[in-house]
Asks: 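Before I ask anything, here is the structure I am working with.
In what follows, every chain begins at residue 1, and chains take the letters A, B, ... in the order their sequences are listed.
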Protein chains: 2
Amino acid sequence: MDRIALYPACPVDLSSKSEYALLALLELSPHYASGEPLQIRQIASQQNIPDRYLEQLLATLRRAGLVKSQRGARGGYLLARDPWKITLYDVVSCIEGFEPQADPTQVSNTPEAQVIQGVWGEVRQAAEGVLHKYTLQDMVEKRNAQQQVDIMYYI
Amino acid sequence: MDRIALYPACPVDLSSKSEYALLALLELSPHYASGEPLQIRQIASQQNIPDRYLEQLLATLRRAGLVKSQRGARGGYLLARDPWKITLYDVVSCIEGFEPQADPTQVSNTPEAQVIQGVWGEVRQAAEGVLHKYTLQDMVEKRNAQQQVDIMYYI
DNA sequence: TTATACTCCGGTTCTCCACTGGGGTTTGCA
DNA sequence: TGCAAACCCCAGTGGAGAACCGGAGTATAA
């Protein structure tokens, strides 16, 4: 079964990789306090993510130091630090593989190019600003609030 | 020769299509007043863009109503309206093929998905806000200012 | 009429995304 | 000690899109 897009083709093209990673971390957040690891299978079935694919994403998140893994029987994944100390930027940048910055010497330097660089940089900063603003904890709280709204509509 | 990126892999991934299109329109802007068309070849060689590729982009811009074309000998392209009446959003959205919006019924509606949609939308709006802010005329003026700076450094 | 330009169509190479699969290694527990 | 449950690593695949190239056709100024 193919996935349903959260959001259609976007100027800011946050791929489903980022969505999946975020969903997984949202799933892990409530378990941070207890220290109990969660298994890939559980996360995958809960959020409807292909498990073998999620495995790769979690490996990336682990290498970036956002989650820890517990090998062997009864192992799994858990958040490496408090959910309010992980921003969406942390998640997206490591999954999407943001480069640090442009090396100005490697870049075209006609006046036109420099002007476009400036604006492109502004767009980038605007987008990153939003991602810097939210932590995993914020997202969890938003989700809980949303859940209340959904229940109200259901009644 | 392969192109040199204006900006490295960007969260907001504005492809070289957008860059090329913008460069071309920047080239056309000063000729708007005179009404003299500019040929693909001239634009391409001036801005170092593969001409056959630029041709496709200009065709897209024409279909979007941003430029007009004059066929036959001494033909070429010219801006369809004043450079201060064309925003960067106009350019990027038609080149990048932005969709109008998400169809909410087509979209996952778990609480998690809705929350992520919300944030993704914020990121999108932040990025688009910057693109809405600038017109071609602004870019031309920025370029001229930049040119002055370059000359100062050169001396 | 002819050279010059755009127009339309197709193909090509490359990279990335979104997966899938096949091994291997570590670890808790009976 | 053995074994199954979990992570770990590597490799490949299919499709889509980016970034081109090329050719045949069409309009138009001179």
Asks: Counting just side-chain N and O atoms, does S16(B) come under 4.0 Å of either OP1 or OP2 of dA19(D)?
Replies: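 Indeed, a polar side-chain atom of S16(B) lies that close.
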Asks: Without decimals, in angstroms, what is the distance between D51(B) CG and dA19(D) P?
Replies: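 Atom CG in D51(B) sits about 16 Å away from atom P in dA19(D).
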Asks: For dG22(D), does either OP1 or OP2 sit under 4.0 Å from a side-chain N or O belonging to Y53(B)?
Replies: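 Checking dG22(D) against Y53(B), no side-chain N or O comes under 4.0 Å of OP1 or OP2.
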Asks: Quick check on DNA chain C: between S18(A) and A73(A), whose nearest nucleotide comes earlier from the 5' end?
Replies: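 Closer to the 5' end of DNA chain C: S18(A).
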Asks: How long is the line joining CD of Q42(B) and P of dT4(C), in whole Å?
Replies: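 Q42(B) atom CD is separated from dT4(C) atom P by 14 Å.
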Asks: Salt bridge or not for D90(A) and R81(A), using N-O below 4.0 Å?
Replies: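 A salt bridge is present here (some side-chain N lies under 4.0 Å from a carboxylate O).
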Asks: Is there a donor and acceptor pair, one atom on the side chain of E55(B) and one on the base of dC8(C), closer than 3.5 Å?
Replies: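 Result: at least one qualifying N/O pair found.
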Asks: Has the side chain of R71(A) got a donor or acceptor atom sitting under 3.5 Å from an opposite partner on the base of dG28(C)?
Replies: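 Side chain to base: no pair below 3.5 Å.
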Asks: Going by the angle between their ring planes, with limits at 30° and 60°, are Y20(B) and Y53(B) parallel, tilted or perpendicular?
Replies: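 Rings of Y20(B) and Y53(B): perpendicular, over 60°.
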Asks: Measure the distance from CG on L57(B) to C1' on dG17(D) and round it to the nearest whole Å.
Replies: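 L57(B) atom CG is separated from dG17(D) atom C1' by 14 Å.
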Asks: Heavy atoms under 4.0 Å, any strand shown: does Q70(B) hit a base, just sugar-phosphate, or nothing?
Replies: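 Since only primed, P, OP1 and OP2 atoms lie under 4.0 Å of Q70(B), the category is sugar-phosphate.
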Asks: When you get a sec, tell me which of dC7(D), dA18(D), dT7(C) is the closest nucleotide to the side chain of S69(A)?
Replies: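 When the side chain of S69(A) is considered, dC7(D) is the closest of dC7(D), dA18(D), dT7(C).
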Asks: Given atom CZ of R52(A) and atom P of dT13(D), what is their separation to the nearest angstrom?
Replies: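 Rounding to the nearest Å, CZ of R52(A) and P of dT13(D) are 16 Å apart.
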Asks: Nearest heavy-atom pair of R143(A) and P111(B): which atoms, and what distance?
Replies: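 What the structure gives for the nearest pair is CG-CB, 3.8 Å.
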Asks: If I compare all heavy atoms of L78(A) with all of G35(A), which pair ends up nearest, and what's the gap?
Replies: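 Looking at all heavy atoms of both residues, the closest pair is CD1-O, 3.8 Å.
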Asks: Would you compute the distance between atom OH of Y89(A) and atom CD of E128(A) and round it to the nearest 0.5 angstrom?
Replies: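 The distance works out to 4.0 Å.
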Asks: Please round to the nearest 0.5 Å and tell me the distance separating atom OG of S18(B) and atom CD1 of I95(B).
Replies: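 That separation rounds to 6.5 Å.
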Asks: Can you tell me how far P of dA18(D) sits from OH of Y20(B), to the nearest Å?
Replies: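 Those two atoms, OH and P, are 13 Å apart.
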Asks: Has the side chain of S16(B) got a donor or acceptor atom that lies under 3.5 Å from a matching backbone atom of E19(B)?
Replies: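 Such a contact is absent between S16(B) side chain and E19(B) backbone.
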Asks: Starting from C1' on dA6(D), measure out to CG on L58(A) and report it in whole angstrom.
Replies: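 About 13 Å, once rounded to whole Å.
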Asks: Can you list, by residue number, the residues of residues 28-41 of chain B that have a non-hydrogen atom closer than 4.0 angstrom to DNA chain D?
Replies: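 Result for residues 28-41 of chain B: none.
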Asks: Checking contacts here: which listed nucleotide (dC6(C), dC20(D), dC9(D)) is nearest the side-chain heavy atoms of Y77(B)?
Replies: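 Looking only at heavy atoms from C-beta outward on Y77(B), the closest nucleotide is dC6(C).
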Asks: Rounded to the Å, how far apart are I49(A) CD1 and dC19(C) P?
Replies: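 I49(A) atom CD1 is separated from dC19(C) atom P by 10 Å.
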Asks: Could you tell me how far apart R62(B) (CZ) and dC8(C) (C1') are, to the nearest whole angstrom?
Replies: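 Taking CZ of R62(B) and C1' of dC8(C), I get 10 Å after rounding.
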Asks: Contact class for R74(B) vs. all strands (heavy atom < 4.0 Å): base, sugar-phosphate, or nothing?
Replies: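 Counting heavy atoms under 4.0 Å across all strands, the contact made by R74(B) is with sugar-phosphate only.
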